[in-house]
Amino acid sequence: MIHVRGLVKRFGYTVVLKGISLDIEAGESVVLLGPNGAGKTTLLRILATLLKPSAGRVTVAGEDIVRHPQAVRHLLGYVSHHPLLYPDLTARENLRFYAQLYGLPEPDARIDELLERVGLARRGDDLVRTFSRGMVQRLTIARALLHNPPILLLDEPDTGLDPQAANMLARLLQDVAVEGRTILLTTHNLSRGVDFARRVVVLAGGRIVTDRPTEGLEVQDLSRLYLDAVAQEAA
Amino acid sequence: MRFWSAVWAIFWKDVRAEFRTKDILTGMLVFAILAVLVFNFAFDLRVERPQTVIPGVMWVAIIFASMLGLNRSFILEQDRGSLAGILLAPVDRSAIYLGKVLGNLVFMFAVEVILLPIMVVLFNVNVLMPSVLLFVGLGTVGFAVVGTIFSAIAVNTRAREVMLPVLLLPVMVPVVIAAVKGTAGILDGNPLSEQMGALRLLIAFDVIFLGIAFLTFDYVLEE
């Protein structure tokens, strides 16, 4: 589904991604771990067509992200710690706006369904600026699912959430994952990562230093693996 | 069809959010009225024929008030992080540009609808003549067309609030000259037919820069 070959990203003289190659199959859920500055967000932004690679090739469902970015955007739902919502519009207005951008015909039924699913049906006509951070993040998930994309890119979606809101978000993401979507998640929460994904990829210093299944992996093992991999790269 | 639906969505989103908060409009309007009032006091005792200074006063107020609005157009998107949301949508980037231009035009026209009658009262000169309004309309379109793309360029720079006027004003010199000259000619009592040079320049500027901005906006939004 997602194929990355020799991906390099430079910002001026700084090389953030140093020749990454990665394959993610359809329906696979992958957690991407790494310290701050490892290049996780940059990788996700490239996959989301928000940034162009400096070198290398990335294809999503067979479409080259540089040549056919619009075709790729149809396939993606993107959630980051920024909500990508308008605080001065209501939840329903926000979703209707994005539905129009994605060209959804008759979006009201889909909007109602998603608001119900993320537990915001009663607050649909309230301004987003009156929402708590957890509610905003749930609405962000609804926005990302609006056009029913087969691929979800989740960039630290639980940042800034209290434990209760984070748990609620995790349950919501689990529900989404079992629908057979391809999911790439970045997080600093190792236990959530190991619970959520079937495969773990560790990125450090712009390189993939570990790529293995999460099966049989406990949080302590993952923690050790992560710290060793990061320390090795730093050395 | 998808293109125009996206243009409408962006335009309607901007207008709806703005008329709810009035963040941009209030600043633009207060600035424009204060500028006109200051000019009124400054020129009151010295100018015998207000017609000679009105075009300059009017366009200074419109230009700098517009600059405030244009600046906020992309800064608000960037600060809320919502720009990425629009860029993720599978729509042509030029639809984003056109939606933003239309939104900015509505805000600029809304300010002018209030500003021009105030000028009539303060200076006792009729700036609401159709031919003056024609120049105001074309000049405003020029500012919105170029200002919107420069606003998108400036938003990724460090001194973004300062950068827009620095980038925009030199490019807008032909519009300023043509608009002020045309307005002055009409207020002096000359017929519109004598202002065709200025009028043609404004139309040509609007059309050419709309075309250029339309074609290049995709590259402007690239990080």
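Note that the structure is predicted; figures quoted are calculated from it, not measured. Proteins get letters first, then strands, A, B, ... in listed order; numbering begins at 1 in each.
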For [X], is the [atom1] atom crowded, meaning more than 12 foreign heavy atoms sit under 6.0 Å from it?
{"X": "A:His82", "atom1": "NE2", "answer": "no"}
{"X": "A:His68", "atom1": "NE2", "answer": "no"}
{"X": "A:Glu116", "atom1": "CD", "answer": "no"}

Indicate yes or no: at least one non-hydrogen side-chain atom of [X] is less than 4.5 angstrom from one of [Y].
{"X": "A:Asp88", "Y": "B:Arg16", "answer": "no"}
{"X": "A:Tyr86", "Y": "B:Glu77", "answer": "yes"}
{"X": "A:Asn94", "Y": "B:Lys13", "answer": "no"}

For chain A, the option from B:Ile86, B:Val7, B:Leu76 that forms the most heavy-atom pairs under 4.5 Å: B:Ile86
Winner by heavy-atom pair count (cut-off under 4.5 Å) against chain A, out of B:Ala89, B:Pro90, B:Gly85, B:Ala95: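 Looking at each of B:Ala89, B:Pro90, B:Gly85, B:Ala95 in turn, B:Pro90 comes out on top.
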Toward chain A, the part of B:Glu18 with a non-hydrogen atom under 4.5 Å: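 B:Glu18 has no heavy atom closer than 4.5 Å to chain A.
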Chain A contact via B:Ile10 - which portion, at a heavy-atom distance below 4.5 Å: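 Contact with chain A is through both the backbone and side chain of B:Ile10.
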Between [X] and [Y], what is the shortest heavy-atom contact and its length?
{"X": "B:Thr21", "Y": "A:Arg129", "result": "CG2-NH1, 3.8 Å"}
{"X": "B:Leu87", "Y": "A:Arg73", "result": "O-NE, 3.4 Å"}
{"X": "B:Arg20", "Y": "A:Leu127", "result": "NH1-CD2, 3.4 Å"}

Criterion side-chain contact (heavy atoms from CB on, under 4.5 Å) on A:Leu50 and B:Leu88, from CA distance to verdict: CA-CA 7 Å; A:Leu50 289 171; B:Leu88 282 165; 4.0 Å; yes
Any donor-acceptor pair under 3.5 Å from B:Arg2 side chain to A:Leu101 backbone: yes
Choice from A:Tyr78, A:Tyr98, A:Phe97 maximising heavy atom contacts with chain B below 4.5 Å: A:Phe97
Set of ring pair (Phe, Tyr, Trp, His ring centres under 6.0 Å) partners for A:His147, sequence neighbours left out: A:Tyr102
From B:Trp12 atom CH2 to A:Arg96 atom CZ, the distance as rounded to the nearest 0.5 Å: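 Going from CH2 on B:Trp12 over to CZ on A:Arg96, the span is 11.5 Å.
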